[in-house]
Amino acid sequence: MKRTKINLLIKLEKSPGNVLVKGWVRTRRGSKGFSFMEINDGSCLKNIQVIATGDLKNYHDIETITTGSSVSVAGKLAESPGKGQKWEIQAENLEIINLAPESYPLQKKRHSDEFLRTIAHLRPRTNKYGAAFRLRSEMAFAIHKFYREKGFRYLTTPLITGSDCEGAGEMFRVTSLDPEKVKEQGEMDFTMDFFGQESNLTVSGQLSAEMFALALGDVYTFGPTFRAENSNTSRHVAEFWMLEPEMAFCDLKENMDHGEELVKYLTRHAMAECSEDMALFSNFVDKSLSKRIDTILNSEFGRISYGEAIEILKKSKKKFDFKVKYGIDLQSEHERFLAEEYYKKPVFLTDYPKGIKPFYMRMNDDGKTVAAVDLLVPGIGELIGGSQREERLDILEKRMNEMNLPMDDYWWYLDSRRFGSAPHSGFGLGFERFLMMITGISNIRDVIPFPRTPGRIDF
RNA sequence: UCCCCAGUAGCUCAGUUGGCAGAGCAAUUGGCUGUUAACCAAUGGGUCCGCGGUUCAAGUCCGUGCUGGGGAGCCA
């Protein structure tokens with residue numbers, strides 16, 4: 001008999017008679033002569049109840065089944081006379097695949113997130129983490145679906161990069177040099193290294209994506225990204241996934257339209273395809289989740305310039321630790337006030353002063369601000385960061401000079417402005433931060449399978 | 001990296017003024033003929049985070065290190 005997954009089984013209207021289920025025992029309740037078991041196979045949140053009676057030939061062994069054990073159950077799918085479930089399996093053949101010893105760390109009760117992080121290899125067997133990682137999978141699929149429907153091309157950009165000055169934070173060095181020899185020589189000779197020059201793990205695929213947007217039109221990258229920052233917060237990890245769309249013939253407004261459409265599409269997809277898991281999050285993880293999802297789906301995101309934001313912050317009676325002044329980079333407290341208290345919904349901030357933004361952002365006509373855009377979201381902070389790119393060669397070169405960037409390293413990037421340059425825009429969306437937003441899970445380490453943070457690379 | 005808080009049984013946590021190491025859940029064993037984080041009873045279980053110090057006596061006080069959490073900076 002072929003195995004049926006539990007997500008299909010529990011949806012059945014009529015019993016097909018006998019079924020075969022394989023999974024892990026969440027709990028066993030024994031009485032004299034029979035046992036109830038809850039089996040979960042990871043296909044969905046729900047367990048299937050199995051009843052095993054004393055007339056089974058291996059019933060003596062069945063009585064020893066512990067939480068966490070793996071089993072294979074064949075039997076009749078019957079309507080359950082008990083409350084709480086429609087179906088149950090009346091076991092006719094129950095095979096113990098592996099008995100979990102008493103040291104199995106997951107109990108049939110709530111565990112703290114901190115404890116579960118220490119057993120990250122087992123935590124997907126819990127309701128909450130199972131739901132989180134099913135949703136993560138579904139959201140990755142939804143990203144590809146969204147872009148395919150819109151005629152975008154999926155681009156995979158290199159994870160190892162030679163440019164050491166992308167300006168998006170500390171980078172991880174990639175080298176094949178022998179540490180012992182480096183110690184003898186007293187310094188690293190990069191000409192002897194694998195690539196003949198210094199190389200690092202990427203902090204963004206954007207520059208590569210721009211080249212392909214100016215060839216294929218609309219592209220997106222979706223893959224891992226690395227930051228060697230010594231960040232110890234609930235919103236940062238050293239290895240995370242980022243979605244980066246890049247669109248030719250697209251200005252800042254269209255860039256925002258795209259970001260808003262994307263966030264709404266993915267959120268709608270989560271509600272439609274993962275309703276059961278989403279219900280768990282709003283019932284047990286974050287009581288305000290339903291309201292936030294509703295706001296994301298049904299409100300128009302705010303859109304204001306940096307200058308307007310500064311005015312709003314100044315006029316507010318709120319006391320900030322950092323004084324608000326035109327030209328400063330906005331602090332967390334400022335961003336939170338704008339998204340959580342003033343607008344109470346996601347809000348785009350545009351047109352930042354050029355001094356606090358990177359070289360590739362397009363200079364506005366005022367000569368002081370650039371066509372940058374950040375999307376601030378209640379509870380998360382910055383979800384999206386992007387811009388319209390500077391497509392005018394002379395202005396781009398001038399900016400790079402001002403910022404002392406080595407022009408030679410960027411010869412290929414500048415070529416794109418030399419040969420058929422065109423307006424284009426794009427942004428980066430932090431995949432884990434998006435997952436935090438739609439699950440209400442408050443620590444980024446709990447939405448990524450095996451988190452990498454300063455001082456920790458377990459599993 | 002900085003600020004604040006915490007570390008006691010497998011888990012969650014209590015532990016008074018410095019004076020015998022505790023609870024609930026879990027586990028183990030037994031009971032129970034339809035359970036729902038089953039129920040009832042019994043039993044076992046400790047490097048009180050590490051190191052050093054004060055003291056007749058330290059889980060408790062002091063110093064230091066490590067780990068975890070919250071916040072800040074950096075950013076996705």
Side-chain angles (χ1 to χ4, degrees), chain A residues 26-38 46-55 63-64 66-68 78 80-85 88 90 100-119 126-127 166-170 202-206 222-244 320-322 329-336 356-358 374-377 380-386 427-437 442-448 453-456 458:
Chain A
R26 286 291 177 84
T27 175
R28 185 180 64 84
R29 299 178 285 270
S31 280
K32 185 169 192 173
F34 64 92
S35 284
F36 285 100
M37 265 162 276
E38 302 279 341
K46 284 214 170 77
N47 307 321
I48 186 81
Q49 174 165 287
V50 170
I51 176 161
T53 50
D55 49 10
E63 281 187 303
T64 68
T66 49
T67 300
S80 173
K83 282 178 187 157
Q85 63 280 320
E88 68 183 20
Q90 294 165 353
E102 63 194 68
S103 55
Y104 182 66
L106 289 172
Q107 300 169 5
K108 17 184 178 179
K109 64 162 196 168
R110 225 188 109 83
H111 285 293
S112 68
D113 293 325
E114 291 81 8
F115 171 66
L116 290 170
R117 253 169 245 152
T118 69
I119 49 166
T126 65
N127 287 340
E166 291 185 31
E170 291 293 312
T202 184
V203 292
S204 163
Q206 180 200 317
F222 179 47
T225 303
F226 308 90
R227 301 284 162 86
E229 297 287 346
N230 188 13
S231 298
N232 289 286
T233 80
S234 53
R235 302 181 308 282
H236 293 88
V237 279
E239 178 184 299
F240 62 99
W241 280 58
M242 187 155 66
L243 165 67
E244 295 182 284
F320 295 111
D321 291 335
F322 291 84
D329 213 349
L330 294 181
Q331 306 291 316
S332 280
E333 55 176 346
H334 305 139
E335 295 184 346
R336 273 211 308 274
I356 56 173
K357 288 293 178 183
D374 284 356
L375 178 63
L376 307 181
V377 175
I380 304 294
E382 189 182 335
L383 176 68
I384 281 176
F427 59 78
L429 176 145
F431 187 49
E432 285 78 17
R433 288 197 183 165
F434 177 80
L435 293 175
M436 291 169 75
M437 180 181 78
S442 56
N443 196 310
I444 197 167
R445 289 160 220 174
D446 298 335
V447 294
I448 192 165
T453 50
R456 284 207 90 84
D458 301 336

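Computed from a prediction, not measured in an experiment: that's the story for all the values here. Note: hydrogens, waters and symmetry copies are ignored here, and every other heavy atom, side chains too, is used. Chain identifiers are assigned alphabetically (A, B, ...) following the order of the sequence lines, protein sequences preceding nucleic acid strands; residue numbering begins at 1 within each chain.
Going from the P atom of B/U43 to that of B/C25 covers 15 Å, rounded to whole Å. Nucleotides B/U64 and B/G70 have their C1' atoms positioned 23 Å apart, rounded to a whole Å. Comparing the same atom, P, in B/U17 and in B/G44 gives a spacing of 32 Å after rounding to whole Å. Distance noted for atom P between B/C51 and B/U60: 13 Å (whole Å). Only the C1' atoms considered, B/C40 is 8 Å distant from B/C32, to the nearest whole Å. Between B/C66 and B/C56, the two P atoms lie 32 Å apart (nearest whole Å). A gap of 16 Å separates the C1' atoms of B/A26 and B/A42, to the nearest Å. Nucleotides B/A9 and B/C39 have their P atoms positioned 24 Å apart, rounded to a whole Å.
As a whole-Å value, the separation of A/Phe322 CZ from B/G71 P is 15 Å. A/Phe36 has its CZ atom 13 Å from the P atom of B/U33, to the nearest Å. Rounding to whole angstrom units, CG of residue A/Leu435 and C1' of B/A76 are separated by 12 Å. Rounded to an integer number of Å, the gap from A/Arg445 CZ to B/G68 P is 8 Å. In this structure, A/Gln85 places its CD atom 15 Å from P of B/G34, rounding to the nearest Å. In this entry the distance linking CD of A/Glu229 with C1' of B/A72 reads 14 Å, nearest Å. Protein atom CD1 of A/Ile356 is 14 Å distant from nucleotide atom C1' of B/C74, rounded to whole Å. Spacing between atom CG of A/Leu330 and atom P of B/A72 amounts to 14 Å, rounded to whole angstrom units.
Across all strands shown, B/C51 forms a Watson-Crick or G-U wobble pair, both distances under 3.5 Å, with B/G63. Here B/A37 sits opposite no nucleotide as a Watson-Crick or G-U wobble pair (both hydrogen-bonding atom distances under 3.5 Å). Nucleotide B/U1: paired with B/A72 (Watson-Crick or G-U wobble, both distances less than 3.5 Å). Both distances falling under 3.5 Å, in either a Watson-Crick or a G-U wobble arrangement, place B/G24 opposite B/C11.
Residues forming a salt bridge (Lys or Arg N to Asp or Glu O under 4.0 Å) with A/Glu382 (at least two apart in sequence, or on another chain): none. For A/His334, the side-chain contact (heavy atoms from CB on, under 4.5 Å) partners two or more places apart in sequence, or in a different chain, are A/Leu313, A/Phe320, A/Phe322, A/Val324, A/Ile328, A/Leu330, A/Gln331. For A/Arg29, the side-chain contact (heavy atoms from CB on, under 4.5 Å) test picks out A/Thr27, A/Phe36, A/Glu38, A/Gln49, with sequence neighbours left out. For A/Ser442, the side-chain contact (heavy atoms from CB on, under 4.5 Å) test picks out no residue, with sequence neighbours left out.
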What N/O pairs connect the protein and nucleotides 1-11 of chain B at under 3.5 Å? Give each pair on its own line.
{"from": "B/U1", "atom 1": "OP1", "to": "A/Asn230", "atom 2": "ND2", "distance (Å)": "2.8"}
{"from": "B/U1", "atom 1": "O4", "to": "A/Asn232", "atom 2": "ND2", "distance (Å)": "3.0"}
{"from": "B/G10", "atom 1": "N2", "to": "A/Gln107", "atom 2": "OE1", "distance (Å)": "3.1"}
{"from": "B/G10", "atom 1": "N2", "to": "A/Gln107", "atom 2": "NE2", "distance (Å)": "3.0"}
{"from": "B/G10", "atom 1": "N3", "to": "A/Gln107", "atom 2": "NE2", "distance (Å)": "3.1"}
{"from": "B/C11", "atom 1": "O2'", "to": "A/His111", "atom 2": "ND1", "distance (Å)": "3.4"}
{"from": "B/C11", "atom 1": "O2", "to": "A/Lys109", "atom 2": "NZ", "distance (Å)": "2.7"}

Under-3.5 Å N/O pairs linking protein and nucleotides 45-50 of chain B:
none

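Ring stacking holds between A/Phe240 and B/A76, with the centres under 5.5 Å apart and the planes within 30 degrees of each other.
Residue-to-nucleotide contacts include a donor-acceptor pair under 3.5 Å from the side chain of A/Glu88 to the base of B/G34. Under 3.5 Å, the side chain of A/Arg29 and the base of B/C32 form no donor-acceptor pair of N or O atoms.
How far OG1 of A/Thr66 is from OH of A/Tyr104: 9.0 Å, rounded to the nearest 0.5 Å. Remark: A/Lys108 NZ to A/Arg26 CZ distance equals 12.5 Å, nearest 0.5 Å. One finds the CG atom of A/Asp446 at 8.0 Å from the CD atom of A/Glu114 (value rounded to the nearest 0.5 Å).
Where A/Ile444 and A/Thr67 each meet RNA chain B at their nearest nucleotide, the meeting point lying more 5' is that of A/Thr67. Ranked by how close their nearest RNA chain B nucleotide is to the 5' end, A/Gly33 and A/Glu335 are led by A/Gly33.
Within the 4.5 Å cutoff, no side-chain heavy atoms of A/Asn443 are placed close to those of A/Asp113. In this structure, the side chains of A/Arg445 and A/Val237 come closer than 4.5 Å at one or more pairs of heavy atoms. Within the 4.5 Å cutoff, no side-chain heavy atoms of A/Ile384 are placed close to those of A/Val377. Counting heavy atoms from C-beta outward, A/Ser332 and A/Arg235 have side chains that approach closer than 4.5 Å. Under the 4.5 Å side-chain criterion, counting only non-hydrogen atoms from C-beta, A/Arg227 is in contact with A/Phe240.
Side-chain N/O atoms of A/Ser332 include one lying less than 4.0 angstrom from OP1 or OP2 on B/G73. Using a 4.0 Å cut-off, no side-chain N or O of A/Arg235 falls inside it from OP1 or OP2 of B/G71. Contact annotation: A/Arg28 side-chain N/O to B/U35 OP1/OP2 distance is not under 4.0 Å. Considering only side-chain N and O atoms, A/Arg456 lies under 4.0 angstrom from the phosphate OP1 or OP2 of B/G68.
Candidate nucleotides B/C32, B/U28, B/U67 were compared by shortest atom distance to the side chain of A/Lys32, and B/C32 ranks first. Residue A/Glu102 places its side chain closer to B/U28 than to any other of B/U35, B/U28, B/A76. Considering only the side chain of A/Glu382, B/A76 comes nearest among B/G73, B/G69, B/A76. Checking B/C75, B/U35, B/A37 against every side-chain atom of A/Lys108, the shortest atom distance belongs to B/A37. Listed nucleotides B/U35, B/A76, B/U33 differ in distance to A/Phe34; the shortest reach to its side chain belongs to B/U33.
Residue A/Gly84 is out of contact with every strand shown, counting any heavy-atom pair closer than 4.0 Å. Residue contacts shown for A/Glu333 are absent, as no nucleic acid heavy atom lies under 4.0 Å away. Among the atoms of the strands shown, none is found under 4.0 Å from any heavy atom of A/Gly381. Residue A/Leu243 is classed as having no contact, given no heavy-atom separation below 4.0 Å to the nucleic acid.
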Residues A/Arg117, A/Asp458; criterion salt bridge (Lys or Arg N to Asp or Glu O under 4.0 Å); working and verdict: CA-CA 10 Å; A/Arg117 253 169 245 152; A/Asp458 301 336; over 6 Å; no
